[in-house]
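Here is the structure we will look at, set down as structure tokens.
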Amino acid sequence: MTTQVRSVQPDVAAGASAVEAAIKATALTKIYGPRGGSESRHRGWRRAKDSGADTKPKAAADDVTFSVAPGEFFMIMGLSGSGKSTVLRMLNRLIEPSSGELLIDGRNVATMPDGELRELRNRKINMVFQHFALFPHRTVRENASYALHVRNESAAKRDERADWALQTVGLGDWGDSLPGELSGGMRQRVGLARALASEADILLMDEPFSALDPLIRRDMQDLLMELQRDLNRTVVFVTHDLNEAMRMGDRIMIMRDGKVVQLGTAQEILNSPADDYVTEFISDVDRSRVLTAGTIMQEPLVTATERDDPQDVLRRLSNVEGVGAYVLDDEGHIAGITRADLLAAGVGRQRATVGQLVTNEFKTVGADAPLSDICTLVGRNSVPLAVTDTDGRLVGVVPRATLLNALATPHPRKDDGNA
Amino acid sequence: MPSINVGAPVGALVDWLTANLGALFHFISTVMLALLDAVLIVLTAPSPYVVIAIFVVLALLERKWGFGLFTLIAFLLIEAMGLWIEAMQTLAVVVVATVFAVAIGIPVGIWAARSRKVSSVVRPILDFMQTLPVFVYLIPAVFFFGIGVVPGVISTLVFAIPPAVRLTELGIRNVDKEVVEAAIAFGAKPRQMLREVQLPLAMPSIMAGVNQTLMLALSMVVIAGLVGAGGLGAVVVRGISTLDVGAGFEGGIAVVFLAIYLDRLTSALARPRRRRPKARTQAPAPATTTETDQPALASS
Ligand SMILES: Nc1ncnc2c1ncn2[C@@H]1O[C@H](COP(=O)(O)OP(=O)(O)OP(=O)(O)O)[C@@H](O)[C@H]1O
Ligand SMILES: [Mg+2]
């Protein structure tokens with residue numbers, strides 16, 4: 001049972017403190033001016049009556065600060081109208097920030113002259129759109145190579161990159177078709193190819209999969225995660241689907257009314273939601289699919305090596321009221337497990353070592369296995385489920401109580417207070 | 001209630017313009033006459049049957065046999081009624097007026113689409129142009145350009161420019177906002193975006209504007225006949241003024257034939273073209289197979 005390996009990056013959790021941030025936004029704010037926005041125009045009539053109530057224009061994005069590490073998969077999520085698209089579009093200045101500072105690779109984007117900004121959009125930071133936004137009059141290949149077309153690459157180079165990108169998203173044979181001839185899922189693959197072909201290393205995605213069927217959405221999520229791991233792009237991904245956010249994102253920024261409510265990893269958010277709004281959100285998250293073995297595993301209370309003395313191990317086991325323990329070889333690989341009854345039988349014998357008292361009644365999973373996959377494996381044996389790394393070394397265990405605890409909603413803490 | 005004389009200053013303005021910009025009007029007049037003559041020569045130099053054959057071939061490009069047959073019969077009838085030269089004069093006026101209307105209307109429409117301010121200035125002017133009774137500006141046009149075909153073309157222009165502007169603006173504004181954003185997000189310059197994205201996608205709407213411009217221009221020819229623009233308009237006017245209903249009807253039916261022909265011919269342009277991209281899809285298809293065989297050849 002191999003699940004997709006998620007790129008686990010040590011720097012990511014620490015934000016951008018260690019590495020220079022790919023994107024660093026400080027106090028980004030967008031206020032649609034009274035005459036600037038198209039919206040005020042349309043609302044003019046209705047607004048006029050209750051204008052006394054809100055004379056202060058509402059900020060679509062209010063003091064938004066975050067940074068994204070190179071290679072990070074960064075999620076922006078929130079309900080409709082919470083300002084996600086506004087924040088995303090300020091990153092490449094499709095929307096001009098009203099105030100705030102924005103650094104991309106250390107370069108100040110907010111004050112960048114037009115030419116340099118176009119260069120940045122063309123080579124550094126690309127975008128994938130909710131409704132694909134393909135050019136309907138250009139072939140799939142011409143769509144995919146648009147960034148190279150804009151930078152005046154030769155036809156040969158353009159086609160080569162476009163075909164590579166189309167191949168990468170699984171549309172190698174469709175270069176000569178028109179977007180109108182493709183299904184929704186395929187069109188969004190073209191949208192993705194268009195962003196990949198330019199070799200820009202930051203990808204902005206505004207609800208790219210929300211217009212797709214659930215099954216196709218799943219495929220696209222897998223494809224994107226695979227690509228992101230292989231090509232190591234930095235992704236800023238807008239979604240209103242927390243399951244999607246938690247499935248793919250390294251970190252998630254939850255927004256409400258233009259403000260950041262919480263920013264953290266899926267586990268941090270699940271375990272300690274910042275407020276009722278977030279709690280509401282995560283209440284319908286399928287925790288068993290979001291949380292993985294690696295995120296809830298614990299240090300094994302007792303481990304033994306093959307050369308250990310059975311008596312010693314038995315004593316340590318009884319200290320923690322355990323009934324079994326993993327036996328590891330010198331490299332940390334699991335040699336088997338031993339049980340209290342086996343140890344007890346061995347204690348009497350001469351020169352017995354734990355290595356002679358092992359069985360293989362245990363199960364292992366990878367750190368990235370979702371809890372839904374491990375439910376059936378936990379609690380069957382006398383030892384907790386083992387979590388191993390790719391080389392088969394023991395990195396942690398999942399006791400049954402831990403699993404049940406993780407699957408429960410975060411309300412228990414409130415209950416504790418009441419009790 | 002004090003009476004305000006709006007008419008007097010306008011009259012004074014017209015006088016002033018005639019007095020001071022005579023040279024300019026003369027120049028415009030000369031250029032336009034030359035153009036009209038050129039078009040008319042092209043249309044009338046060959047035998048009518050050759051021209052009719054060409055019209056039929058153009059009609060058949062639509063792949064509609066009925067339209068081809070209609071074209072053949074309609075133009076043969078015009079020729080048989082002895083109105084060929086007049087019909088070609090009218091066609092020349094319509095073509096020249098449409099070319100000017102489109103040459104002015106499309107750029108203004110593009111400009112209006114890109115700036116709300118321009119749009120809000122242009123819009124009332126267009127309303128004004130479309131609703132002001134024709135004779136109100138037909139008379140000054142005669143003052144400026146004298147009796148003849150030129151004031152006819154000019155007043156046709158006034159009437160025919162608005163749809164070109166409006167439908168161009170509408171077409172560009174209606175281009176999917178995300179697609180425009182996509183072009184910007186990949187670093188396209190505004191001009192490049194206009195040329196490569198907005199205009200091609202607005203083309204059906206722009207072509208509908210061209211079609212409307214043509215139709216409005218044609219609807220003006222009878223009125224232009226009143227100021228000596230000749231052509232079928234003159235035939236109709238003559239028929240009415242001599243109470244010769246038959247002659248008037250002949251002129252009228254010829255105008256209708258022209259209108260149907262031009263409408264059918266140009267409304268096809270307004271439909272999004274499916275054929276052209278299809279052809280392109282097929283053309284490179286063999287190239288794909290060679291590409292996979294010999295990648296080196298693909299770049300040549
Ligand atoms: N052009 C505009 N003029 C004025 N207000 C705007 C404009 N665009 C967006 N807004 C307002 O800004 C706020 C945030 O909009 P935004 O599009 O960023 O939300 P969102 O989180 O992307 O929502 P959705 O999930 O519906 O896409 C909304 O209240 C919206 O009404
Ligand atoms: Mg949005």
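It should be emphasised that the depicted structure is a prediction, and the values quoted were computed from it without experimental measurement.
- No side-chain heavy atom of B:F186 sits under 4.5 Å from any side-chain heavy atom of A:H149.
- Proximity to chain B (any heavy atom under 4.5 Å) is shown, for A:F129, by both the backbone and the side chain.
- Looking at A:H137, its side chain never comes within 3.5 Å of a backbone N or O of B:V197 through a donor-acceptor pair.
- Of the options B:D176, B:L201, B:V179, a side chain to side chain contact (heavy atoms under 4.5 Å, CB included) to A:F135 is made by B:V179 and by none of the others.
- Contacts between B:K177 and chain A at a heavy-atom distance below 4.5 Å are absent for every atom of the residue.
- Counting non-hydrogen atoms of other residues, nucleotides and ligands closer than 6.0 Å to CZ of B:R114 gives a total above 12.
- Side chains of B:E178 and A:M127 form no contact here, defined as non-hydrogen atoms less than 4.5 Å apart.
- Looking at A:R89, only its side chain comes within 4.5 Å of chain B, counting heavy atoms on both sides.
- Counting heavy-atom pairs closer than 4.5 Å to chain B, the top residue among A:Q130, A:R151, A:R123 is A:Q130.
- Proximity to chain B (any heavy atom under 4.5 Å) is restricted, for A:L134, to the backbone atoms N, CA, C and O.
- Closest approach of A:R118 and B:G187 over heavy atoms only: CD-O, 3.4 Å.
- When every heavy atom of A:R194 is checked against every heavy atom of B:A182, the shortest pair comes out as NH2-CB, 3.8 Å.
- Neither the backbone nor the side chain of A:E160 comes within contact range of chain B, judged by heavy atoms closer than 4.5 Å.
- For chain B, the nearby parts of A:A147 are the backbone and the side chain; heavy atoms of each come within less than 4.5 Å.
- Looking at A:N92, its side chain never comes within 3.5 Å of a backbone N or O of B:A185 through a donor-acceptor pair.
- Looking at A:L120, there are no atoms closer than 4.5 Å to chain B (heavy atoms on both sides), in backbone or side chain.
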